[in-house]
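In the text below, chain A, chain B and the rest are named by the order of the sequence lines, each starting its count at 1.
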Number of protein chains: 2
Amino acid sequence: MTIRVPNGEAESRKTAAQRAGSGRRHTGRRRNEEARDAILAATLDMLRTEGLQNVTIDAIAHAAGVGRQTIYRWWPSKGAMLAEAMGRRAHAAVPPRDSGSFDADLTEFITASFRGLEDPGTARALRDLASAAQHDEHVAAALGEFTAQRRSALRALMERGRAEGRLPASANLDMLVDLFYGFLWYRLLMGHAPLDASAARDLTAHLIAAGTAVPGPDGQFQALD
Amino acid sequence: MTIRVPNGEAESRKTAAQRAGSGRRHTGRRRNEEARDAILAATLDMLRTEGLQNVTIDAIAHAAGVGRQTIYRWWPSKGAMLAEAMGRRAHAAVPPRDSGSFDADLTEFITASFRGLEDPGTARALRDLASAAQHDEHVAAALGEFTAQRRSALRALMERGRAEGRLPASANLDMLVDLFYGFLWYRLLMGHAPLDASAARDLTAHLIAAGTAVPGPDGQFQALD
DNA sequence: TCTTATCGAGACTTCCAGTCTCGTCAAACG
DNA sequence: CGTTTGACGAGACTGGAAGTCTCGATAAGA
């Protein structure tokens, strides 16, 4: 947020570097990609074991064996760095398997989603990131992409189920997807009820039943007769 | 977190006050309840207009015309004060009306819940509090009580619906309640889809349909045949 | 009147994000 | 090979916010 006017020395150095655009492209020591990886790895590790409260820039730099300034050479803020760490983790998520059986794949998707949250470190990391997303635009963007991916994966699975006739043709898949992830995040964030295998089974049954809601003649869903 | 050993002077004053338990009960100037109210009111007001990021203890004290120390005379921390402010606000929520018609009351409950979130200030305050609850035990407790109240109100409404035969006797009301509030909070926190009148109508229809999920012979819900 | 506790005000401490500087080191260029 | 350039780790520094401490003033009981 702070506007800073660079001093004369830095200014002249910068313009010299910019002017070199057509000449030599890059001189001097190169940025160390390994340091970047170490920073992200340390961040992910601490996020699971310490909780965001204790994951300070100083602690990350120390754990990664890196100077604080190096972190700010790669990312403009702590939030941006957290966002990239989360994005890297999200890539590790396996897409739902297409076994040919919608029933088996849906059950697998839901139970796997719940099982992943049984690890307290994972659960805490997700809660912390959702919390941070409420006041950091970078984290919000990353979390938005992360959750959109998940919704899209579940939606694709449900589209198959609809094609197979396991869900009615009129089923509102976006609604079902939000019902699923809403339930999951609500229990994760509020912690008033478990996200265990029993809840996964019950939720699956309720989602299938919810899929039978039918839209009225105006295309809108009719709540009540 | 810091453990502090009180100095001799403060210690002797404190023991003198404690010793007075049987003797004179209270001397000296009384704590000003109006200051307390002003603090809570200023907090609630700023929470809706500024966002938690800008709601600093200093800003609250200034807005309430109060010294910072006065805030810490009433609450041990900012989180505890936020929790009480939220609790006061929660009390203002009207319980669902019993019009005799389950259909009308459920529709009213759901549309009113969504309508309340159309005010950006309210939505931001709730998002901020959910965020703060993830790393502050006082806020977490208050939010837990707040959400439990809401779940309990909706559950009572649904119990009436079950008694009236509008929901099957086997309906798992806790699941339906979590599906509703999960959907609401998920869209509130992620912001990927609106919480408008159309969503309210669709959600109502899907909840009623989800209520038809039936448990298997073992009492557990069977996801799939 | 005298004692006691709260009041607003503000200096102060601690913690953390982010910036700046410094001496060092690696890569490119001449 | 030597010079230039820019990234490196380290650490001092700034700024903002939570929370503490102190002070003179004030209100209420004794």
Side-chain angles (χ1 to χ4, degrees), chain A residues 1-7 9-10 12-20 23-36 38-39 52-82 132 135-136 138-139, chain B residues 1-7 9-10 12-20 23-36 38-39 50 52-82 132 135-136 138:
Chain A
M1 290 306 140
T2 311
I3 308 279
R4 288 184 171 273
V5 179
N7 61 27
E9 188 188 355
S12 62
R13 227 193 302 162
K14 183 170 188 178
T15 40
Q18 287 176 334
R19 191 171 42 229
R24 57 183 175 191
R25 207 89 184 85
H26 174 239
T27 80
R29 187 176 182 170
R30 299 229 186 92
R31 285 158 93 197
N32 184 1
E33 301 267 353
E34 289 178 16
R36 194 182 120 101
I39 291 164
L52 185 54
Q53 206 72 304
N54 297 327
V55 179
T56 66
I57 291 287
D58 203 69
I60 293 169
H62 191 265
V66 143
R68 261 201 311 281
Q69 186 60 38
T70 299
I71 295 179
Y72 289 102
R73 281 193 194 99
W74 285 99
W75 300 277
S77 69
K78 182 183 180 182
M81 192 257 295
L82 286 177
H135 49 81
D136 184 293
H138 295 103
V139 179
Chain B
M1 290 306 142
T2 310
I3 307 279
R4 287 183 171 276
V5 178
N7 61 26
E9 189 188 356
S12 61
R13 230 194 300 162
K14 183 169 189 178
T15 38
Q18 287 177 334
R19 190 172 44 229
R24 58 183 173 188
R25 206 94 184 81
H26 174 240
T27 82
R29 186 176 183 172
R30 297 225 187 93
R31 284 157 93 194
N32 185 1
E33 301 267 352
E34 289 178 16
R36 195 182 119 101
I39 291 163
E50 305 284 341
L52 185 54
Q53 206 73 303
N54 296 327
V55 179
T56 66
I57 290 287
D58 203 68
I60 293 169
H62 192 264
V66 142
R68 262 202 310 282
Q69 186 61 37
T70 299
I71 294 179
Y72 289 102
R73 282 192 194 97
W74 285 99
W75 300 276
S77 68
K78 183 183 182 184
M81 193 257 295
L82 286 176
H135 49 80
D136 185 293
H138 295 105

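A:Lys78 contributes atom NZ, which lies 6.0 Å from atom CD1 of A:Ile57 (distance to the nearest 0.5 angstrom). Between A:Arg68 atom CZ and A:Thr56 atom OG1 the span is 9.0 Å, to the nearest 0.5 Å.
In the set C:dC29, C:dG8, C:dC7, C:dC7 carries the atom at the smallest distance from any side-chain atom of B:Trp74. Among the nucleotides C:dG8, D:dT5, D:dG9, the one closest to the side chain of B:Arg73 is C:dG8.
Counting all heavy atoms, side chain and backbone alike, B:Trp75 lies closest to B:Ile39 at CZ3-CG2, 3.6 Å. Across B:Asn54 and B:Ala59, no two heavy atoms sit closer than the pair O-CB, 4.0 Å.
The distance between atom CG of A:Asp136 and atom P of C:dA17, rounded to the nearest whole Å, is 12 Å. In this structure, the CD atom of B:Glu33 is 15 Å from the C1' atom of D:dA27, given to the nearest Å. Rounded to an integer number of Å, the gap from CD1 of A:Ile60 to C1' of C:dA17 is 11 Å. Atom CD1 of A:Ile71 is separated from atom C1' of C:dT19 by 14 Å (rounded to the nearest Å). Going from atom CD1 of A:Ile39 over to atom C1' of D:dG9 covers 12 Å, rounded to whole Å. A:Asn32 places its CG atom 7 Å from the P atom of D:dG9, with the value rounded to the nearest Å. The CH2-P distance, from A:Trp75 to C:dA17, rounds to 15 Å in whole Å.
In this structure, B:Met81 and B:Ile71 have side chains that are in contact, with non-hydrogen atoms separated by less than 4.5 Å. Side-chain contact between B:Leu82 and B:Asp136 is absent, with no heavy atoms from C-beta onward closer than 4.5 Å.
Taking side-chain N and O atoms only, A:Thr70 has a distance below 4.0 Å to OP1 or OP2 of D:dG9. Regarding contacts with the backbone of D:dT26, every side-chain N or O of B:Arg30 stays at 4.0 angstrom or more from both OP1 and OP2.
Of the two residues near DNA chain D, B:Gln69 and B:Arg29, the one whose nearest nucleotide lies more 5' is B:Gln69. Both B:Val66 and B:Gly28 lie near DNA chain C, and the one whose nearest nucleotide falls closer to the 5' end is B:Gly28.
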Got a list of protein N/O to nucleotides 16-19 of chain D N/O distances below 3.5 Å?
from	atom 1	to	atom 2	distance (Å)
D:dA18	OP1	B:Lys78	NZ	2.7
D:dA18	OP2	B:Ile57	N	3.1
D:dG19	OP2	B:Tyr72	OH	3.0
D:dG19	OP2	B:Lys78	N	2.9

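Checked by atom type and distance alone, the side chain of A:Arg31 pairs as donor or acceptor with a backbone atom of A:Arg73 at under 3.5 Å.
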